[in-house]
Undergrad: 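Quick one: the structure is below, questions incoming.
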Amino acid sequence: MKITCTINKEQKVLELQAGEMLAEVLRRYGYTEVKVGCDTGSCGLCTVLVDGKPVLSCSYLAHRAEGRTITTIKGKEKEAAEFAAFLTAEGADQCGFCSPGFALTVLAMKEELAHPNEADIRHYLAGNLCRCTGYEGQMRAIHKYLEARHE
Amino acid sequence: MEFHQLVLAQTIEEAYEAVKDRGATILGGATWLRITAKHLDYAVDISDLGLSYIRETGDRIEIGATTTLRSLETDSLLASRYGGLFARTLGHIVGVQLRNLSTLGGSLAGRYGFSDVATLFLALGAQLDIYPSGLMNLEDYMAAADHGPHLIRSVSIPAHPVPAAFQTIRITHSDFPILNVAAAYTNRGWRIAVGARPGRAQLAKSAMQALGTEAKPGADLIARAAQLSAEELGFGKDIRADEEYRKTVCPVLVRRAVEEASR
């Protein structure tokens, strides 16, 4: 089957098999910035935005993307780079494999929550696992990034 | 996943026919289905049926079957009647990204033992609008062995504020529950649901009766009800905890839930 959708502001026609997940299809079409970790809906690595909302692309049926707007981390390159500078400064990037999904979730949180506190941030990011950092550096980076954005 | 044939239903009648005549599997959020089923001969997608809504209808709040868990968590109408109950209950379920996919109807239709959703809605006295048979209490739906071909169209709960609370114990914040409990005080008395035993959620009827009809039962009544809940329900073992552990934890969570709801 074929679907038409917008990926990172470009209209695309994607050919896919019924039952395929969005992560598989995106990677097949070259969007390899979408990482697949657990492939069971648990780790958040494969996060993309669908119509602005963060979803797990490993668990999103690709045919449902018909007519929708999909954003990968490359579609948020400028904002992601700004945030990444804070991650790097806090030593919170390390292997970096979780970073695309993590950064997209942070950017989605920034849009959804006006002034998130520590608990709000931890709650919003509970679905993003990182096996390197222990999260403390990431939390520092998020706080500093949000503070800088509000200044 | 692989689907041999996929029906993108445009009407509930079309979806029902696919289920009844071809044994099609209904696709809700499909977040659990995709882990448990690698190949489906027939699948029917109901996401185009316009069943994603939360609205007040008379004395009930009606929630469409394909409404996501994240919508329940953040909806202003639900928050106005139930405070942070939905956010506190559903916020344990994996992460925001999964809750933007998982649906209310899928969570209830699966009658999963691990479901926090089923436990909460059971305590709230939820009623299902099932196609084609009509209205059914969630309690009856959860208890029955098999309902034959059907679709959940919507779920309703009381529109007036119901004092209610949810308690759970988990190994980590976003893991499956070892046990979950929801307590609610409705017009007719207390409702206490216990899930993840690890079997599917059930009402603790002796405990509910023991609490009587007062909105603020005394400590003795709460302690008695909590103990009865552990005695009347069955518990079992899985990878997260054994039967004895669950039986020991149950009265603690029931007591906490009733105390919280009656504050």
Side-chain angles (χ1 to χ4, degrees), chain A residues 1 3 16-25 34 37-68 98 101-102 104-109 111-113 116 119-129 135, chain B residues 1-10 18 24-49 52 66 68-71 73-74 84 87-103 106 170 172-176:
Chain A
M1 63 193 299
I3 64 162
L16 51 95
Q17 299 295 314
E20 270 195 294
M21 295 297 158
L22 185 60
E24 299 170 63
V25 177
V34 179
C38 67
D39 203 20
T40 61
S42 306
C43 75
L45 261 67
C46 63
T47 299
V48 299
L49 306 183
V50 174
D51 292 344
K53 290 184 179 175
V55 302
L56 299 171
S57 61
C58 80
S59 301
Y60 186 97
L61 287 162
H63 71 263
R64 288 180 171 172
E66 167 67 38
R68 300 195 180 275
C98 71
F102 175 69
L104 263 181
T105 312
V106 170
L107 297 178
M109 177 185 72
E111 295 300 315
E112 197 173 331
L113 308 178
D120 295 333
I121 296 169
R122 286 186 182 273
H123 185 75
Y124 202 96
L125 294 167
N128 288 86
L129 303 185
Y135 305 107
Chain B
M1 289 174 86
E2 289 176 6
F3 303 152
H4 179 67
Q5 193 168 330
L6 171 65
V7 178
L8 303 174
Q10 299 304 304
T25 299
I26 302 165
L27 302 176
T31 50
W32 185 246
L33 181 71
R34 67 143 317 215
I35 298 171
T36 53
K38 294 297 173 199
H39 177 89
L40 296 174
D41 282 339
Y42 290 98
V44 56
D45 194 328
I46 60 168
S47 61
D48 286 340
L49 297 187
S52 298
T66 58
T68 66
L69 302 188
R70 181 68 177 159
S71 297
E73 189 184 345
T74 57
R88 284 195 300 275
T89 303
L90 306 176
H92 287 284
I93 299 170
V94 188
V96 167
Q97 304 97 315
L98 185 97
R99 300 198 295 278
N100 270 329
L101 299 176
S102 296
T103 64
R170 315 165 104 87
T172 60
H173 172 83
S174 57
D175 192 16
F176 288 108

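Since the structure is predicted, the reported quantities are computational estimates derived from the model, not experimental observations.
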Undergrad: Which residues in residues 27-42 of chain B have any heavy atom closer than 4.5 Å to a heavy atom of chain A?
TA: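 B:Leu27, B:Gly28, B:Gly29, B:Ala30, B:Thr31, B:Arg34, B:Ile35 fall under the 4.5 Å cut-off.
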Undergrad: Can you list the residues that meet the salt bridge (Lys or Arg N to Asp or Glu O under 4.0 Å) rule with A:Glu66, with sequence neighbours excluded?
TA: none
Undergrad: With chain B, which of A:Gly19, A:Gly127, A:Ser42, A:Cys58 has the greatest number of heavy-atom pairs at distances under 4.5 Å?
TA: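 Top count of heavy-atom pairs under 4.5 Å with chain B: A:Gly19.
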Undergrad: With rounding to the nearest 0.5 angstrom, report the CE to CZ distance, A:Met1 to B:Phe3.
TA: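 Reported value, rounded in 0.5 Å steps: 10.0 Å.
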Undergrad: Under 4.5 Å heavy-atom distance to chain B, tell me which part of A:Ser57 shows up: side chain, backbone, both or neither.
TA: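 Neither part.
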Undergrad: Return the option, out of A:Gln17, A:Glu112, A:Glu20, A:Glu24, with the maximum number of heavy-atom pairs under 4.5 Å with chain B.
TA: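 The answer is A:Glu112.
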Undergrad: Restricting to non-hydrogen atoms, name the atom on A:Arg64 and the atom on B:Ser47 that form the minimum distance, rounded to 0.1 Å.
TA: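 So the minimum-distance heavy-atom pair works out to NE-OG, 3.6 Å.
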Undergrad: Quick one: of A:Thr40, A:Val55, A:Val48, who has the most non-hydrogen atom pairs under 4.5 Å with chain B?
TA: A:Val55
Undergrad: Where do B:Leu101 and A:Leu56 come nearest, in terms of heavy atoms and distance?
TA: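 Minimum heavy-atom separation between B:Leu101 and A:Leu56: CD1-O, 3.6 Å.
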Undergrad: Considering only heavy atoms and a distance below 4.5 Å, find which of B:Leu6, B:Thr74, B:Ile93 pairs most often with chain A.
TA: B:Leu6
Undergrad: Which heavy-atom pair separates B:Val96 from A:Pro54 by the least distance, and what is that distance?
TA: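 B:Val96 and A:Pro54 have their closest heavy atoms at CG1-CG, 4.0 Å.
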Undergrad: If you look at every heavy atom in B:Ser174 and A:Ala126, which pair is closest and at what distance?
TA: OG-O, 4.2 Å
Undergrad: For A:Gly41 and B:Val94, work out which heavy atoms get closest and say how close.
TA: O-CG1, 3.4 Å
Undergrad: About how many Å separate NE2 of B:His173 and CZ of A:Arg122, when rounded to the nearest 0.5 Å?
TA: 11.0 Å
Undergrad: Which answer fits A:Met109, side chain, backbone, both or neither, if we ask what part of it has an atom under 4.5 Å from a heavy atom of chain B?
TA: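 A:Met109 has no heavy atom closer than 4.5 Å to chain B.
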